Amino acid sequence: MSLKHEIEFTLNGVKRKLAVDVTMNALDMLREVVGLTGTKYGCGEGECGACTIQVDGVSLNSCLMFAVDCAGRNVTTVEGLTDQPRGEALRESFVEHGAVQCGFCTPGMMMQADHLLAKHEHPDAACVKRGLEGNLCRCTGYKKIVDAVVACGGRDSVTPAQAGVQK
Amino acid sequence: MTVAEKKHRIIEPDSLIGKRIPKMDAPDKASGRTRYIHDIDLPGQLHGKILRSARIHALIKSIDTSAAKALPGVHVVITAADIPDQRPIGVAKDHFPLKVGRVRSERDEIAAVAAESEEIAEAALKLIKVEYEDLPVIGNPEDSIKPDAVLIHPEPHGADGTHLHLKQGTSIAHRGKADNVAMRFDYAHGDVVQGEAESDAVVEDTFKLHYVTHCCMGVSGMIAEFDAAGNVQMYSNTQVPFLHKREFAEYLNIDPARIRIIQPPIGGGFGSKLDIYPFEVICLYLARAAKRPVKMLFTREEEFLASPTRQPVLLTLRSGCKKDGTLTFRTVHTLHDNGAYTSWGATTPFVMMQTFSSLYRVPHCDYHTAAVYTNNPYAGSFRGYGNLQATFAIEQHMDMLAAKIGMDPLEFRMKNAQDAGEVTGQGMSFKSCGFKECITTAASRSDFARKFAENQANQKKPGNIKRGIGMASMLHVGGGAKIYPSDGCGTILKMDDFANVTLITGASEIGQGSETVLSQLVCEELGLPISAITVVNNDTAITPWDVGVHASRTTFIAGNSAIGAAKKAKGKILAVAAKKFDCTEADLDLRGGFVIRAASGEALVELSKLLRNLHFQEKAELVMTTFYYEPPSVHQDKGFKGDVSAAYAWGNQVVEIEVDTDTGFIRLLKVTGAHDVGRVLNRLGIEGQIEGGVVMGQGYAFTEDLMIEDGKMKNPNFRDYKLVTAPEIPEMDIAFIESMDGEGPQGAKGVGEAPSICMAAAAANAIANATGTRMFELPFTPEKVYRALHGQTPKRYWKPWKAE
Amino acid sequence: MTELKRYYAPTSLDQAVECLKGGNVTILAGGTDLTPQSQAGRIKFRETLMNIRHIPQMSGITLEGKEIRIGALATITEIMEHPLVREHLPALVEACDHFASDQIRNAGTIGGNICNASPAGDTLVPLLVLDACVELASMPETKLYRHCMPISTFFTGSGKTRKSLCELVTGVRIPVPAAGHVSRFYKHGTRPALDISTISIGVAGNLKDGVLSNVRVAFGAVAPTPLRATATESALEGRHLDAATIEAAAVAARDEVNPIDDVRATAWYRKEMIHNMTKRMLENVAQA
């Protein structure tokens with residue numbers, strides 16, 4: 001019934017060949033066709049960043065991308081990110097800094113943070129905040145996420161003792 | 001190793017309390033491995049979708065589902081007519097999951113479809129034809145209480161001729177209501193007339209609090225399936241599984257024993273998952289009819305349209321004090337916009353009246369609420385539960401009264417602040433109370449007094465950038481809240497042959513970190529590292545009863561319960577060890593995975609070895625314990641008086657802002673908070689709660705505004721419903737006041753809701769400090785601030801509703 | 001459930017414009033608008049969905065004579081970070097910096113922003129004050145035909161342009177500003193990113209000895225299209241940028257816009273902001 005198109009692309013380092021609905025977005029393809037559920041649906045309109053992936057090294061909202069537009073490109077999701085050294089370091093930093101609460105925004109945050117660190121090796125807090133402006137989080141108030149990314153970049157890292165003051 | 005070999009091994013004391021312990025579920029969440037309800041699919045599963053009303057307030061004249069039923073891939077289409085055994089749901093039992101004969105709000109559920117895919121289900125919805133006959137819309141609560149107002153729930157139900165021969169009952173859904181008042185609350189202590197007569201200064205103002213909503217990042221969802229015997233298994237995001245088990249059984253007219261609720265990790269709660277919503281019952285109806293698992297997930301737009309909101313409130317407050325700064329009285333009248341149906345939002349006065357009666361010492365207090373029906377979205381519970389609204393009014397009046405008698409706002413608060421030992425007019429008994437220390441700490445760390453004076457002096461000087469500083473305080477339950485027959489939580493604890501612990505707790509993890517903090521408390525008792533514990537907390541078939549995640553109660557109640565079970569296990573272990581080492585139990589302790597001599601720290605035997613010896617002896621035994629903790633709080637009497645919580649949390653926050661008077665744009669520069677948390681258990685976790693709460697409070701104060709016009713939601717999306725984004729967050733300086741509560745687990749008190757409460761009130765005071773203009777309506781968006789600064793905001797006055 | 005019959009990803013401009021001949025084509029570039037709009041059913045697909053990503057002539061940012069050419073497929077991020085743009089077109093950089101979010105800037109293209117023709121389109125106001133021309137390609141007979149249209153005449157209504165269904169926007173050309181040229185862009189939203197403009201203002205001109213000439217002023221989100229503010233320009237043209245001139249221009253600006261009330265702001269507030277922020281920007285220019 002619906003128009004399909006076959007595409008070839010690289011997903012987390014593995015070549016894939018898939019027939020997808022032409023009208024399907026990349027988010028639905030990842031979650032429903034490929035079965036990688038780490039990429040989250042938050043709004044479907046590019047306003048929350050929960051579905052952030054990387055395509056050819058830049059971060060995108062997968063809900064704003066046609067699945068067919070993955071053809072010939074190199075796609076990375078959170079499942080592939082944490083296999084890489086920087087992704088692994090980011091995950092550890094997120095865990096250690098308390099950057100995860102309900103965790104629903106976390107995969108998108110990680111993907112965007114990784115892209116940010118690829119462009120700015122040692123970002124300061126202001127740079128990280130601007131870099132994460134397209135990713136909404138309702139639990140953490142962002143501070144610990146920013147701390148985690150800054151620490152991962154190795155600049156102005158917030159030591160645990162500074163972050164809270166015991167009475 | 002023999003005992004002799006271990007003689008030299010000394011294990012130094014160590015504690016997990018107050019440490020920064022990473023959340024146990026964080027590594028999986030940060031790897032995309034955690035399976036939320038959205039990520040779970042069952043074999044044979046169908047997808048459910050709901051047709052919502054195309055009108056705000058109308059009679060349903062007819063529904064034609066024939067074309068939808070004929071669509072290939074559609075399994076089931078249901079309307080109210082297909083479910084003759086529908087029972088009314090909600091806090092006041094005033095609506096049916098599938099609406100009968102009448103729709104009363106934009107979100108109202110008319111029909112539902114279960115189909116092979118979401119796309120087919122959506123296509124089927126478009127084929128359902130509904131004929132309506134429009135009724136007048138009540139778009140605000142002031143209109144709702146007018147004598148000639150259209151009734152939202154007229155009696156008898158279905159008088160329009162579409163009555164569906166429902167079983168007669170006594171609920172509002174069946175018999176209707178003769179007026180639009182959903183709930184009334186009337187509370188008093190002292191004599192406000194006398195209080196006013198003693199006053200040297202009196203202020204009265206009307207405050208208007210707006211609609212906001214939870215915006216959990218994970219949209220609502222549920223999966224329901226029935227087995228061949230009619231048992232129900234639900235994957236649900238609920239925060240209160242045990243209460244819901246009983247309620248769902250009622251709605252399905254089956255034995256509660258047949259209902260099993262499994263809670264996958266949830267993408268945010270904040271109070272939104274305390275009530276049962278129509279979609280959940282409808283999902284069950286679909287699964288029952290289809291004899292297949294049915295999964296239902298909201299879209300983001302649907303999440304906005306069909307989720308509960310924070311309670312919008314119109315509030316007139318009259319307050320007085322003497323020249324010396326002593327508070328004399330408070331009279332409060334509120335009009336709550338209940339929306340079309342009643343959920344927990346209507347009951348927020350339980351919390352609001354506590355703030356008015358007891359945050360500061362006030363000898364005379366009168367409090368009245370009418371929660372009234374309108375055709376707007378209906379309000380549920382939301383972190384803070386009315387306290388943001390109450391505090392917004394009360395803390396502005398604290399500044400205004402102080403100004404009126406020429407007293408420093410800090411001194412004025414200190415003069416009236418509660419101390420430990422106080423029993424308030426409402427019967428709340430403050431055993432631990434670090435309130436004054438919260439105020440002085442936040443004030444000194446933010447240099448409040450100096451900045452307050454400087455900003456005030458700067459108001460009339462030239463320049464479009466004005467700085468402001470303002471403070472607000474809060475009181476909230478911190479040791480549970482005795483609302484239900486029990487406010488308790490059960491724990492089952494078992495230890496294996498390797499000294500690993502499984503903690504089975506009734507307390508749900510909703511992202512707040514309860515799993516980790518409960519683990520800490522257990523491991524602290526048993527002298528084990530965090531890595532030695534596994535937590536099971538998500539299956540009503542396994543976990544013991546708990547009243548649910550609400551009222552900032554989990555750390556306190558579930559914590560005490562977990563400690564109780566751990567202490568019993570420890571007692572058993574030490575009894576065995578004492579026998580083995582020929583000493584008393586008091587001579588021994590558990591530390592670092594060993595049984596040690598308490599005095600010297602000398603390791604006597606590995607705990608795992610002792611447990612194996614116990615297990616594999618002739619008279620085999622395992623260490624398995626249970627504990628049920630019920631806090632020593634009491635139910636309120638009919639006049640709402642009583643010590644409803646085992647402990648109370650206190651706090652003070654100072655907000656610093658910069659106002660651009662050319663645009664009305666406010667930059668939130670810094671928030672200094674001091675919170676009496678009893679004791680810090682997991683420093684990482686508690687900081688996260690406070691920071692997240694502050695930013696949620698920031699959203700309430702400045703950016704979030706769910707715009708409803710005559711029942712229609714204008715901005716059901718993240719583009720125009722503005723959550724705070726990362727670049728907007730303030731600098732945060734948070735201090736913890738450790739008052740070491742005597743009843744609290746390791747001295748701790750609940751703090752989950754506390755940090756959101758003060759922000760809007762402190763922001764209002766900061767705007768007044770910066771500009772000399774007082775704002776009584778939220779949110780402080782650039783246009784609203786600009787209008788206020790340019791005299792374009794007429795002052796609202798709502799004439800108090802007379803108490804009956 | 002769609003009338004969509006064909007997916008096509010041409011690899012040359014000729015192929016693309018040939019495909020457009022029938023006019024029954026939905027064009028996909030960055031997808032940041034088309035994806036959600038089509039998924040929500042607000043945009044219906046035409047018979048062919050044409051993905052223009054693989055057409056080489058449509059990418060890149062280059063200096064061509066006295067013009068900077070930005071290919072229609074250049075993403076907002078590419079534009080914002082390009083040395084030529086950063087050197088010569090600061091107002092465009094400013095607009096790109098406040099465009100949606102990093103993820104959307106990485107995917108969204110300038111061609112898409114122009115063709116969407118939103119009254120609040122972030123790049124449109126700076127393009128107007130920079131005298132940009134829109135490059136169009138089509139195939140009337142059998143040969144590729146290309147021409148340019150000033151962007152000031154391109155927009156005809158909200159979401160509407162003078163581009164025909166058979167035409168493709170291939171890029172935008174901006175004259176390299178002469179020495180002494182100043183340009184400014186201001187976006188009034190409530191937050192740094194992820195925001196639709198409440199209003200936006202662009203100002204450009206040649207500044208010499210405190211006198212502004214060849215003035216261009218444009219406003220976004222105050223009318224069905226982004227528009228040039230001719231009365232405001234006249235109030236400034238050839239005048240010394242003193243306090244009186246600035247106030248007169250700000251008043252002219254407020255008087256010549258006719259915005260609407262919507263969820264983001266009332267018309268009254270928009271007019272106030274046009275006045276206050278035009279004034280602030282001109283004061284800033286005067287100090288340059």
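Every value quoted in this text rests on a predicted model; they were computed, and no experiment measured them. Residue numbers begin at 1 in each chain, while the letters A, B, ... track the order of the sequences.
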Task: Contact origin within B:Glu509 toward chain A - heavy atom pairs under 4.5 Å - done: neither
Open item on the list: Tell me if the CD atom of A:Glu6 is crowded by more than 12 foreign heavy atoms within 6.0 Å.
Closed with: yes
Open item on the list: Heavy-atom pairs under 4.5 Å with chain A: which of B:Ala674, B:Gly693, B:Gly269, B:Ala26 has the most?
Closed with: B:Ala26
TODO: Tell me, for B:Pro27 versus chain A, whether the close heavy atoms (under 4.5 Å) come from the side chain, the backbone, both or neither.
DONE: both
Open item on the list: Can you tell me how far apart CD (B:Glu687) and NE2 (A:His97) are? Round to the nearest 0.5 Å.
Closed with: 10.5 Å
Task: Any pair counted as salt bridge (charged side-chain N to carboxylate O under 4.0 Å, His left out), so long as it reaches residues 91-107 of chain A, sequence neighbours left out - done: A:Glu88-A:Arg91
TODO: Rounded to the nearest 0.5 Å, what's the gap from CD on B:Gln689 to CD on A:Gln101? Could you check?
DONE: 5.5 Å
Open item on the list: Counting only non-hydrogen atoms closer than 4.5 Å, can you tell me which residues of residues 40-50 of chain A sit against chain B?
Closed with: A:Lys40, A:Tyr41, A:Gly42, A:Cys43, A:Glu45, A:Glu47, A:Cys48
- [ ] Identify the two heavy atoms, one from A:Val100 and one from B:Ala30, that lie closest to each other, and give their separation to 0.1 Å.
- [x] CG2-CB, 4.4 Å
Task: Contact class of B:Ile266 relative to chain A, heavy atoms under 4.5 angstrom - done: backbone
TODO: Using the test salt bridge (charged side-chain N to carboxylate O under 4.0 Å, His left out), find all partners of A:Lys129 that sit at least two apart in sequence or belong to another chain.
DONE: none
Task: Top of A:Ile145, A:Thr140, A:Thr106 for chain B proximity - count of heavy-atom pairs under 4.5 angstrom - done: A:Thr140
Open item on the list: Heavy-atom cut-off 4.5 Å, strictly under: side chain, backbone, both or neither for B:Ser31 against chain A?
Closed with: both
Open item on the list: As an exercise, state the distance from OG1 of A:Thr82 to CG of B:Asp28, rounded to the nearest 0.5 Å.
Closed with: 10.0 Å
- [ ] Would you mind telling me which of A:Gly141, A:Gly98, A:Gly35, A:Cys105 has the largest number of heavy-atom pairs within less than 4.5 Å of chain B?
- [x] A:Gly141
Task: Taking every non-hydrogen atom, the tightest pair across A:Cys102 and B:Ile510 - done: CB-O, 4.2 Å
Task: Separation between CD of B:Glu119 and CG of A:Asp21, rounded to the nearest 0.5 Å - done: 8.0 Å
Open item on the list: Counting heavy-atom pairs under 4.5 Å with chain B, which one of A:Gly38, A:Cys137, A:Gly103 comes out on top?
Closed with: A:Gly103
- [ ] Please state whether the side chain, the backbone, both or neither of A:Thr37 comes within less than 4.5 Å of a heavy atom of chain B.
- [x] both
- [ ] Not counting sequence neighbours, list each pair that qualifies as a salt bridge (charged side-chain N to carboxylate O under 4.0 Å, His left out) and has a residue in residues 73-82 of chain A.
- [x] A:Asp56-A:Arg73, A:Asp69-A:Arg73
Task: B:Phe304, part contacting chain A, at a heavy-atom distance under 4.5 Å - done: neither
TODO: Between chain A and each of B:Glu303, B:Glu728, B:Arg33, B:His214, count heavy-atom pairs under 4.5 Å; write down the option with the most.
DONE: B:His214
Task: Residue among B:Gly32, B:Gly692, B:Gly511, B:Ala726 with most heavy-atom pairs under 4.5 Å to chain A - done: B:Ala726
Task: Shortest non-hydrogen contact from B:Met217 toward A:Arg138 - done: CG-N, 4.1 Å
TODO: State the SG-CE distance between A:Cys139 and B:Met696, to the nearest 0.5 angstrom.
DONE: 7.0 Å
- [ ] Sort A:Arg31 into side chain, backbone, both or neither according to what part of it lies under 4.5 angstrom from a heavy atom of chain B.
- [x] side chain
- [ ] Taking all non-hydrogen atoms of both residues into account, name the closest pair between B:Val724 and A:Tyr142 and its distance.
- [x] O-OH, 2.7 Å
